[in-house]
Every structure is written in structure tokens, then in C-alpha cells.
Asker: 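Okay, here's the structure, questions in a sec.
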Number of protein chains: 2
Amino acid sequence: MVTLRDVAERAGVSPAVVSAAISGRSGNVRMSEATRQRVNEAIRETGYRVNHAARSLRTARTGVVSAVVPKLSNPVFEHVIRGIQDQVSSDGGVLMLADAEWLTPDSHLLTRLAARGMTDGFLVRRAQLGDDTIDALEAMQVPCVVLAGPDGTHPSVWVDDRAGIRCATSHLLALGHRRIALVGGLQLPAGRSDSRLLGFHDAFAEAGVAASADLHRPVGYAHPDIRRAVTELLATEQPPTAIVADNVTVAPAVYFALAEAGLRVPEDVSVVAYHDIATVDMMWPPLTTVRMPLREAGAQAARMLTTLIEGERAGGTILEGGAELVARSSTAPPA
Amino acid sequence: MVTLRDVAERAGVSPAVVSAAISGRSGNVRMSEATRQRVNEAIRETGYRVNHAARSLRTARTGVVSAVVPKLSNPVFEHVIRGIQDQVSSDGGVLMLADAEWLTPDSHLLTRLAARGMTDGFLVRRAQLGDDTIDALEAMQVPCVVLAGPDGTHPSVWVDDRAGIRCATSHLLALGHRRIALVGGLQLPAGRSDSRLLGFHDAFAEAGVAASADLHRPVGYAHPDIRRAVTELLATEQPPTAIVADNVTVAPAVYFALAEAGLRVPEDVSVVAYHDIATVDMMWPPLTTVRMPLREAGAQAARMLTTLIEGERAGGTILEGGAELVARSSTAPPA
DNA sequence: CTGAAAGCGCTTACAG
DNA sequence: CTGAAAGCGCTTACAG
């Protein structure tokens with residue numbers, strides 16, 4: 001194995017010079033262009049590559065950031081990851097991804113990842129990770145940014161869910177819908193304000209229309225639950241003429257329930273989904289969605305983590321604005 | 001920061017004893033149960049956690065394995081990843097995930113990951129990664145297992161695509177279909193045998209039926225291409241009565257094209273897709289698929305990588321069998 | 001502008 | 001059964 005020392009000998013300089021040439025950091029070393037060239041040549045000739053472990057040990061910094069994502073195959077989160085990756089990479093770091101299912105408070109993975117020298121910090125999604133795991137992380141004093149709305153305790157970054165749902169709902173109201181259902185999403189414990197429900201009501205207030213409060217179904221994100229909720233809504237005396245899907249991932253279940261009931265989209269029922277992913281225009285009919293600046297949220301979170309790693313404090317941030325309606329074919333005026 | 005030395009002092013033993021107690025490896029150290037308990041107590045009291053960088057530097061082993069996956073949100077690959085994760089984790093290692101898009105032959109990420117001391121080895125998918133990146137990896141002498149059929153050069157593991165497509169095709173033949181199209185998949189360069197097309201023909205041969213060779217459309221996996229291919233097939237003089245989707249991810253595009261043409265599934269056209277993912281029963285009608293032992297393939301690949309890391313050679317493996325038809329509602333006898 | 005030396009925290013022969 | 005010592009490969013003050 002080629003070491004820095006070997007390169008130094010070959011170039012006829014001391015290890016310190018090679019180290020400076022590699023890192024770019026000057027430190028106390030100021031070298032001539034000729035020397036730098038000689039070093040680079042020696043590196044090329046020997047095929048030298050820096051030993052990451054040795055560097056980490058010495059600098060007490062790994063340059064690795066770990067993102068723990070809810071579910072790898074969740075297409076919504078893919079955008080966030082891309083934002084994180086771009087930022088981490090342009091900062092010269094490496095992003096390490098793990099599935100949240102693997103990470104429990106006393107899992108092997110958490111222990112290993114949070115061991116010093118493996119990762120400088122974590123990006124996690126609170127909703128799916130569980131507060132206990134995040135607390136465990138905190139107890140280990142590992143810098144950690146939560147991808148979710150502020151909760152007053154952890155540094156956090158997220159998009160404006162309230163504005164997003166408002167955007168979706170306003171679109172339906174503008175089309176003339178009045179009986180609008182909000183389907184999916186978690187039933188929050190009393191006291192924790194539900195930003196999505198707030199956004200739903202914002203839209204009605206803005207339009208000067210009384211909200212159809214009986215049409216809120218926070219039944220989670222499991223497909224059977226979504227299907228049942230929609231089926232039940234359709235069976236009521238005054239069924240909704242439009243549905244806001246709290247998350248694009250549940251839209252297929254909404255379509256499914258509608259098809260089972262023999263209803264057409266958008267002739268009989270309009271559907272808008274929160275969050276935009278590329279593949280929804282493959283649904284039939286193509287789904288109207290609300291696009292959020294998820295990639296920007298990821299980048300912002302990565303930046304906040306860097307701040308944290310460098311020892312500064314950070315609070316909770318919600319990215320303002322950025323909600324944008326992507327009109328496709330699943331919404332129309334009520335019959 | 002608490003070091004191993006601190007723990008040793010507290011427990012009244014030498015660092016060597018603490019090291020042995022942690023790693024479980026006895027080495028030359030044989031310690032009494034009382035000593036071991038004292039050490040464990042000291043670890044708990046001090047909150048000591050091993051420094052991964054130091055250990056890696058010393059042992060020249062990181063315990064980290066990197067998987068470079070085609071596309072994070074590809075639900076098919078999710079199963080493979082799970083298999084990898086299970087195996088790596090039960091071997092006491094850590095799995096690091098990266099998106100193939102990030103990894104190009106001279107990308108920052110490749111350089112950093114392949115730097116010594118960051119990762120012991122790689123699991124990569126050839127199809128999407130590009131041979132040049134794999135060659136770069138090889139030039140760096142990083143142990144590397146390819147998730148794909150054997151190509152004679154790289155150690156590799158994959159499921160039996162030929163058997164999988166045969167299973168799907170046989171199902172349609174058994175239902176009475178004769179005009180069967182195979183849609184999607186890559187157009188391989190001449191000379192490289194296409195295991196999927198072979199499987200397609202196997203099924204016809206087995207059924208004693210002449211294959212409908214004019215119905216093979218290896219147009220890749222892009223949704224517009226799939227849609228166009230299906231639309232064109234439907235416009236021919238003798239359109240297919242059934243379609244095998246080369247990959248489940250293109251099934252929505254097939255449904256889309258069928259819906260556009262005003263055809264019903266399965267009354268007018270039957271559809272089977274290769275690979276099974278949980279969400280396909282949310283499609284309307286629920287999609288019949290072929291399930292493959294993808295998780296097992298992932299585990300097997302991880303095991304092979306460990307072998308490679310330990311310095312032994314390895315060849316190409318195809319997991320035999322395991323193809324299983326999952327019948328849902330998208331297939332029926334021809335009208 | 002460059003070199004010699006110390007030391008990051010661990011593990012592993014080696015000596016007792 | 002346990003301790004003292006060397007050294008993994010790097011970076012960083014420090015001295016020149």
C-alpha cells in the first residue's frame with residue numbers, strides 16, 4: 001500500500017508538503033509551483049490515495065453525513081435526498097443513506113453509525129423514525145437535524161405543509177367545489193396543531209366559504225385505510241365532489257376506491273394530491289398535484305447540519321412559499 | 001472525549017484488556033469474569049464509544065460496505081437492498097447506500113468512497129452504472145460484486161431472468177393466449193444473449209407453440225417509449241391479446257396506453273409484469289406479476305463480497321429457481 | 001519555503 | 001491471566 005510517506009520520498013519532499021498539496025490547505029506550508037507539480041506527479045505515478053481512517057483519526061472529522069430516510073422507495077423523499085446529496089457533495093463531503101427501518105434506538109446500526117469517527121452528523125425524519133431514536137442520538141451528542149416542522153426541541157427544516165394543502169384546496173374551491181374531503185395524514189395528538197388541517201381551513205376562509213369539516217379523514221397512509229375512508233365518504237348523504245390526498249403516495253388508493261365505486265375522475269370526483277413526483281402523469285387520468293421545494297429543503301437541512309457540526313446552535317426553519325399547483329387532468333368543475 | 005485508556009484506568013486494567021472485552025476477540029488475552037464485568041461497568045459509567053477511525057486505521061478494515069443502486073426509488077431494487085442490509089448487518093457490518101447517478105468514473109464520490117479506509121467493498125448494478133465506472137473501481141483494486149448476470153469478468157450475482165420471463169409467458173400461454181408481446185427491456189448489442197428473450201422463447205417451446213417473434217419490443221424503460229410501443233402494437237393487423245411487461249415499473253405505462261386505446265384489462269388484453277412489488281395490487285385492475293428471490297440475491301451478493309474482501313476469488317452466480325407467479329386480476333383467457 | 005516530531009485512539013504481538 | 005510498547009497513516013504546530 002502506498003502511503004503519503006512514499007509519495008514524499010519519491011518527490012523528494014517531506015510528508016508535510018505532500019499533505020498540504022493534497023488538502024489544498026496551506027497551513028504553514030507555502031510551496032513553489034514546481035514542488036507542487038513534482039508532488040502531483042509522484043501521486044499519479046504511485047497511484048496514491050489518501051487513507052480516510054488515518055485522516056479522520058487525526059482531524060476528528062469524517063466528512064461523512066448520514067441521512068436516515070423513512071422508506072427508500074418513497075418517491076417524495078427522493079427529492080429531499082437529492083437536495084441533501086447536492087449540498088453535501090458540493091461541500092466536499094459524502095452522503096451515507098440508511099433506511100429508517102434499520103435504525104432503532106438500540107440497533108446495531110445506530111451504535112455503529114453514531115460511534116465516533118464514522119459520521120459527523122445525522123439527518124433524520126422525525127415522523128417515521130420515532131422520538132426515542134432521535135433522543136438516543138441526542139444522548140450520544142451526535143449533531144442531528146430533523147426533517148420536519150419545528151417542534152421546539154430539535155433543529156429542524158421542512159417545507160410549508162400548511163401552504164401546500166391550502167394551495168391544493170384553493171384550486172378545488174376556485175373550480176367551484178364546496179364538498180371537499182381531505183384524506184390521509186396522521187391523527188395528531190390533541191394540542192399538536194395540524195398544519196395540514198390549518199392549510200385546509202385557510203383555503204376555505206380565504207374563499208369566504210364555510211369549511212366542510214366533517215370531510216377530514218386523517219386515517220394515515222396505509223392503502224387499505226385510504227380505500228376504506230374514501231368508500232365511506234362516498235356512502236354518506238352528501239358525498240364530496242372533490243378529494244385532497246394528503247400525500248401523493250396515497251393517490252392510487254383513492255383512484256382505486258373511486259373506480260370500485262364506478263365513479264370517474266374528474267367527471268364525478270376531482271382529485272388533487274399533495275407533493276409532485278414525475279410518475280404521476282402516468283396515472284390515468286394524469287394526476288393534478290401540488291409541488292413543493294423539497295430539494296431546497298434537503299439542501300437547507302444539509303447546510304444546517306454543517307452549522308451544527310461546526311459547533312454552532314440552530315433552530316427550526318420552515319421554508320416559506322414555493323407551493324405550486326401542477327394542473328393535469330384529475331380536476332374539473334363539479335358536475 | 002472518553003478513550004479506551006480512560007476506561008482502562010477506571011477499571012484498573014490495561015488498555016489491551018478493554019480492547020479484548022469490547023471486540024469479544026480473545027487474542028492472547030484471557031480475562032476473568034470479574035474483570036470483564038468491571039470493564040463493562042467502566043464503559044457504561046464513562047459512556048465510552050469506540051472510535052471507528054482509530055480502529056479502522058489499525059485493523060485496515062472498516063466494516064462498511066457500499067451499495068450503489070440504480071435509482072433509490074426503484075421499488076424492485078428495494079428488495080435487493082433489504083437482502084443486502086440483512087446480511088451485512090448480521091455479519092456485524094454497516095451498509096452505506098448511494099445512488100448510481102452520483103457515481104461517475106471520476107466523481108468526487110467515487111474517489112472518496114474508494115479511498116482506503118472508507119469502505120471495504122462495493123455492490124453495484126452494472127446495467128445502470130456503466131462499465132467504465134466498474135472498471136475504475138477495479139483499477140483502484142476495490143473489492144466489487146456486480147448485481148447482474150455473469151459477464152465472465154466480474155464476480156456477480158443475480159436472479160434467473162430467463163426463468164422469470166418464462167414463468168410469465170407460460171402463464172399467458174396456459175390461459176390460451178397465442179399473440180403475446182414482450183415489451184420493455186434493453187436492446188442488447190449483438191452477440192450478448194438476451195436471457196429474457198430466451199425465457200420468452202423457452203415458454204413457447206415448452207408449450208409446443210410457435211413464438212410470436214414479431215411482438216418483441218425492447219424499447220427500454222422510459223414511459224413514453226413503452227406507451228408508444230404498446231400503441232403501435234395495438235395498431236398492427238394482428239394485435240397481441242396479452243402483454244408481458246419486462247419490468248413491473250413499466251406496467252403503469254402499459255395500462256396507460258391500453259386505456260388510451262379504449263381497451264380493458266383483462267377483458268381485451270391481459271398483462272403480466274416481471275417482478276413483484278407490494279403496491280401493484282393498488283393498480284386497477286390489480287396486476288398479475290412474477291415474484292423473484294431478489295432479497296436472497298442481495299444476501300448472496302453481500303456474502304460474495306465478504307469472500308472477496310477476505311482475499312478469495314469469486315465467480316458469477318445465478319440463483320436458480322424461485323420464480324413464482326402471483327396471480328391477481330390483470331390476466332384472463334383471450335376473448 | 002521546508003523538515004522533524006508528536007500524537008490522534010486503537011489493536012496486536014510480545015514479554016512477563 | 002495482564003501490562004508495556006510499537007505502530008497503523010495522517011496532520012499540525014513548531015523550529016529552522
Side-chain angles (χ1 to χ4, degrees), chain A residues 1-39 42-43 46-64 92 111-112 114-120, chain B residues 1-39 42-43 46-64 92 111-112 114-120:
Chain A
M1 170 163 175
V2 185
T3 70
L4 186 142
R5 187 175 216 94
D6 299 331
V7 175
E9 269 173 29
R10 180 157 199 136
V13 298
S14 80
V17 174
V18 179
S19 176
I22 291 168
S23 69
R25 247 167 284 118
S26 39
N28 287 346
V29 176
R30 187 123 304 165
M31 85 194 77
S32 67
E33 192 48 41
T35 305
R36 182 183 296 278
Q37 293 226 349
R38 219 151 16 105
V39 170
I43 288 174
T46 55
Y48 170 74
R49 278 174 298 131
V50 64
N51 182 311
H52 176 256
R55 175 183 278 177
S56 295
L57 175 58
R58 186 54 232 243
T59 61
R61 203 52 74 77
T62 66
V64 177
T111 314
R112 292 273 270 143
R116 286 166 242 254
M118 192 113 172
T119 298
D120 292 336
Chain B
M1 171 162 172
V2 185
T3 69
L4 185 142
R5 185 175 219 95
D6 298 331
V7 175
E9 269 173 30
R10 180 155 198 138
V13 297
S14 80
V17 175
V18 179
S19 176
I22 290 169
S23 69
R25 247 167 285 118
S26 38
N28 288 346
V29 177
R30 186 122 304 165
M31 86 195 77
S32 67
E33 192 49 41
T35 306
R36 182 182 296 278
Q37 293 227 350
R38 219 149 18 102
V39 170
I43 288 173
T46 54
Y48 170 74
R49 279 173 297 132
V50 64
N51 182 312
H52 176 256
R55 174 183 280 178
S56 296
L57 176 57
R58 186 56 232 243
T59 60
R61 203 51 75 77
T62 67
V64 178
T111 314
R112 291 274 269 142
R116 286 165 242 256
M118 192 114 171
T119 298
D120 291 336

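Predicted model only: the values in this text are computed from it and were never measured. Every chain is numbered from 1, with letters handed out A, B, ... down the list of sequences.
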Asker: Using only atom types and a distance under 3.5 Å, with no angle test, would you say the side chain of A:Ser23 pairs donor to acceptor with the backbone of A:Ser19?
Answerer: yes
Asker: Got a second to check how far B:Ser56's OG is from B:Arg116's CZ, nearest 0.5 Å?
Answerer: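 With rounding to 0.5 Å, OG (B:Ser56) is 14.5 Å from CZ (B:Arg116).
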Asker: Within a strict 4.5 Å, meaning less than it, do heavy atoms of the B:Asp120 and B:Arg61 side chains meet?
Answerer: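 Touching, per the 4.5 Å side-chain cut-off.
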Asker: Looking at every heavy atom in both A:His52 and A:Thr62, which two are closest together, and how far apart are they?
Answerer: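 Minimum heavy-atom separation between A:His52 and A:Thr62: NE2-O, 3.0 Å.
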Asker: Expressed in angstrom and rounded to an integer, what is the separation of A:Asn51 atom CG from C:dC10 atom C1'?
Answerer: 14 Å
Asker: Measure the spacing between CZ of B:Arg38 and OG1 of B:Thr35 and express it to the nearest 0.5 Å.
Answerer: 5.0 Å
Asker: Of all the nucleotides listed (C:dT2, D:dG9, C:dT12), which has the minimum atom distance to the side chain of A:Arg58?
Answerer: D:dG9
Asker: When you get a sec, tell me which of C:dC10, D:dC10, C:dG3 is the closest nucleotide to the side chain of A:Val13?
Answerer: C:dG3
Asker: Name the nucleic acid region contacted by A:Ser56, choosing base, sugar-phosphate or nothing; use a 4.0 angstrom heavy-atom cut-off, strictly under.
Answerer: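 No contact.
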Asker: Choosing from D:dG9, D:dT11, D:dG3, which nucleotide comes nearest the side chain of A:Met1?
Answerer: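 Of the options given, the side chain of A:Met1 lies nearest D:dG9.
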Asker: How do B:Ala54 and B:Thr35 order along DNA chain D: which one's closest nucleotide is nearer the 5' end?
Answerer: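 The 5'-side residue here is B:Thr35.
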Asker: Among D:dC10, C:dT12, C:dG3, which nucleotide sits nearest the side chain of A:Thr3?
Answerer: D:dC10
Asker: What integer distance in Å separates B:Met118:CE from D:dC10:P?
Answerer: 15 Å
Asker: Return the value, rounded to whole Å, for the distance between atom CD of A:Glu33 and atom P of C:dC1.
Answerer: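 My rounded result for the distance is 11 Å.
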Asker: With pairs defined as Watson-Crick or G-U wobble and both distances under 3.5 angstrom, please note down DNA chain D as a dot-bracket string, | for pairing with another strand.
Answerer: |||.||||||||.|||
Asker: Roughly how many Å is it from CG in A:Leu4 to P in C:dG3, rounded to a whole number?
Answerer: 13 Å
Asker: Heavy atoms from C-beta onward define the side chain here; which of C:dG9, D:dC10, C:dA4 lies closest to that of A:Ala16?
Answerer: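 Side chain of A:Ala16 sits closest to C:dA4.
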Asker: Nearest whole angstrom, please: distance from the P of D:dG9 to the CD1 of A:Ile43.
Answerer: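 The answer, rounded to whole Å, is 16 Å.
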Asker: Starting at atom CG of A:Leu57, determine the distance to atom P of D:dT12, rounded to an integer number of angstrom.
Answerer: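 Nearest whole value for this atom pair: 12 Å.
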Asker: To the nearest Å, give me how far apart CZ (A:Arg116) and C1' (C:dG9) are.
Answerer: 11 Å
Asker: Mapping A:Arg5 and B:Ser14 to their closest nucleotides on DNA chain D, which lands nearer the 5' end?
Answerer: B:Ser14
Asker: Just so I know, are the side chains of A:Val50 and A:Leu4 near enough to count as touching, which here means a heavy-atom distance under 4.5 Å?
Answerer: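 No; the side chains remain at least 4.5 Å from each other.
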Asker: Kindly indicate whether the side chain of B:Ile43, heavy atoms from C-beta on, has any atom under 4.5 Å from the side chain of B:Ile22.
Answerer: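 With C-beta onward as the side chain, the pair touches.
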Asker: Could you check how far CD1 of B:Ile22 sits from P of C:dG9, rounded to whole Å?
Answerer: 14 Å
